[in-house]
Number of protein chains: 2
Amino acid sequence: MEKPLCPETTYTDLPFDVYARTCPSRETLEHVTGRWGSLTVSALREGPCRFNELRRRVDGVSEKMLSQTLHALERDGIVSRDAQPTNPPRVDYELTPLGREVADRLLSLIHFVEGSMPEVLAARESYDGSRGGR
Amino acid sequence: MEKPLCPETTYTDLPFDVYARTCPSRETLEHVTGRWGSLTVSALREGPCRFNELRRRVDGVSEKMLSQTLHALERDGIVSRDAQPTNPPRVDYELTPLGREVADRLLSLIHFVEGSMPEVLAARESYDGSRGGR
DNA sequence: CAGCATCCAAGCGGATACTG
DNA sequence: CAGTATCCGCTTGGATGCTG
């Protein structure tokens with residue numbers, strides 16, 4: 001590792017172009033791995049889904065966050081949006097081919113972590129135990 | 001997908017046991033994919049590393065955040081800590097076998113996203129272009 | 001149904017100062 | 001060197017109300 005890893009700038013006030021020259025992939029990575037991003041991408045890996053159905057699949061997400069998450073993912077080319085101008089409106093979201101590849105790698109990580117929970121929980125007990133009440 | 005995906009509780013005030021029954025892997029996943037977690041795990045995939053060296057490798061991380069991140073990862077059994085009681089103190093951090101497996105899957109995702117940046121950037125231009133200045 | 005706009009509490013995360 | 005403790009601004013993200 002020659003050059004240091006770099007952080008993203010979601011919380012900084014760097015102009016976007018400065019940031020983009022620095023570490024452009026961080027932002028997309030965060031959209032995907034973020035709190036709601038990972039759940040949304042996972043849910044969409046099951047197939048296309050409408051907005052409110054997605055809200056139900058991604059338990060606990062607020063309208064605002066789901067909307068925000070979907071916009072970010074759509075902008076990054078991970079998710080595509082198909083809006084029918086009917087009444088009532090119907091909008092379907094689905095993963096793009098790129099999104100599907102991202103989802104597969106993400107799910108591989110998620111499933112591995114889920115499968116490792118017994119080890120993780122054991123590690124936690126050991127960690128917490130070896131220092132009384134911390 | 002039968003049961004809905006569930007969110008974690010880093011930002012909520014649920015008692016831990018309530019959360020644990022709900023979706024225990026979320027927390028660990030966030031430690032790994034989080035802002036500094038992913039960079040820290042990536043850096044450690046290169047080999048063992050001391051605290052301040054890690055700070056340099058993970059560019060932009062504050063002492064507080066690195067410390068916090070390492071504690072969380074250590075508690076989850078992703079990272080191991082080896083402290084020599086010398087003077088000056090020397091502490092080496094390294095990935096556990098579990099951590100290495102997690103890191104490989106995480107890096108697979110990261111590298112894929114990085115390699116896809118041209119497509120992502122193109123998608124962004126297209127998205128931004130199709131709606132004037134947004 | 002599918003969203004946007006606004007308000008506001010909570011806690012993330014940086015800066016600083018201090019310890020062993 | 002390897003951290004911990006404290007302060008505090010700013011972002012995150014939930015709740016509410018409104019639109020087409």
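Order of the sequence lines sets the chain letters (A, B, ...), proteins ahead of strands, with each chain counted from 1.
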For the pair made of CH2 in Trp36(A) and C1' in dT12(D), what is the distance, rounded to whole Å? 12 Å
Atom-pair distance (CG on Asp59(B); C1' on dG13(C)), nearest Å: 16 Å
Rounded to whole Å, please give me the gap between CE in Met65(B) and C1' in dA5(D). 13 Å
side-chain contact (heavy atoms from CB on, under 4.5 Å) filter on Ser62(A), not counting sequence neighbours, yields Lys64(A), Met65(A)
Select from Pro89(A) and Gln68(A) the residue whose nearest nucleotide in DNA chain D is closer to the 5' end of that strand. Gln68(A)
Sequence neighbours excluded, the answer for salt bridge (charged side-chain N to carboxylate O under 4.0 Å, His left out) partners of Glu63(A) is Arg55(A)
When the C1' atoms of the five terminal pairs at each end define the local axes, what inter-axis angle does the helix from dC1(C)-dG20(D) to dG20(C)-dC1(D) show, to 10 degrees? 50°
Rounded to whole Å, NZ of Lys64(A) lies from P of dC18(D) at a distance of 18 Å
Please name all residues satisfying salt bridge (charged side-chain N to carboxylate O under 4.0 Å, His left out) with Arg81(B), sequence neighbours left out, ordered by chain then number. none
Tell me whether the OP1 or OP2 atom of dC1(C) has a side-chain N or O from Tyr93(A) closer than 4.0 Å. no
Examine dC1(C): is either OP1 or OP2 under 4.0 Å from a nitrogen or oxygen in the side chain of Arg50(A)? Give yes or no. no
May I have the distance from Asn87(A) (atom CG) to dG3(C) (atom C1'), rounded to whole angstrom? 14 Å
Look at Ser67(B) and dT4(D) and indicate whether a side-chain polar atom (N or O) is within less than 4.0 Å of OP1 or OP2. yes
Only one of Val113(B), Leu106(B), Leu109(B) passes side chain to side chain contact (heavy atoms under 4.5 Å, CB included) with Leu106(A), and that residue is Leu109(B)
Check salt bridge (charged side-chain N to carboxylate O under 4.0 Å, His left out) between Glu119(A) and all other residues, then give those that pass, not counting sequence neighbours. none
Specify the separation, in whole Å, of atom CZ of Arg35(A) and atom P of dA10(C). 15 Å
Just N and O in the side chain of Ser62(A): are any of them under 4.0 Å from OP1 or OP2 of dA15(D)? no
Base, sugar-phosphate alone, or nothing: which one does Glu63(B) contact when heavy atoms must sit under 4.0 Å apart? base
If you look at every strand shown and take non-hydrogen atoms under 4.0 Å, does Arg55(A) touch a base, only sugar-phosphate, or nothing? nothing
May I have the distance from Leu70(A) (atom CG) to dC4(C) (atom P), rounded to whole angstrom? 10 Å
Looking just at side-chain N and O atoms, do Ser42(B) and Arg57(B) make a donor-acceptor pair shorter than 3.5 Å? no
Phosphate contact (dT4(D) OP1 or OP2) by His71(B) side-chain N/O below 4.0 Å: yes
Hits for salt bridge (charged side-chain N to carboxylate O under 4.0 Å, His left out) against Glu53(A), two or more places apart or cross-chain, chain-then-number order -> none
Report the distance from atom CZ of Phe51(B) to atom P of dC1(D), rounded to the nearest whole Å. 11 Å
Is the shortest side-chain N/O distance from Arg81(A) to OP1 or OP2 of dG3(C) below 4.0 Å? yes
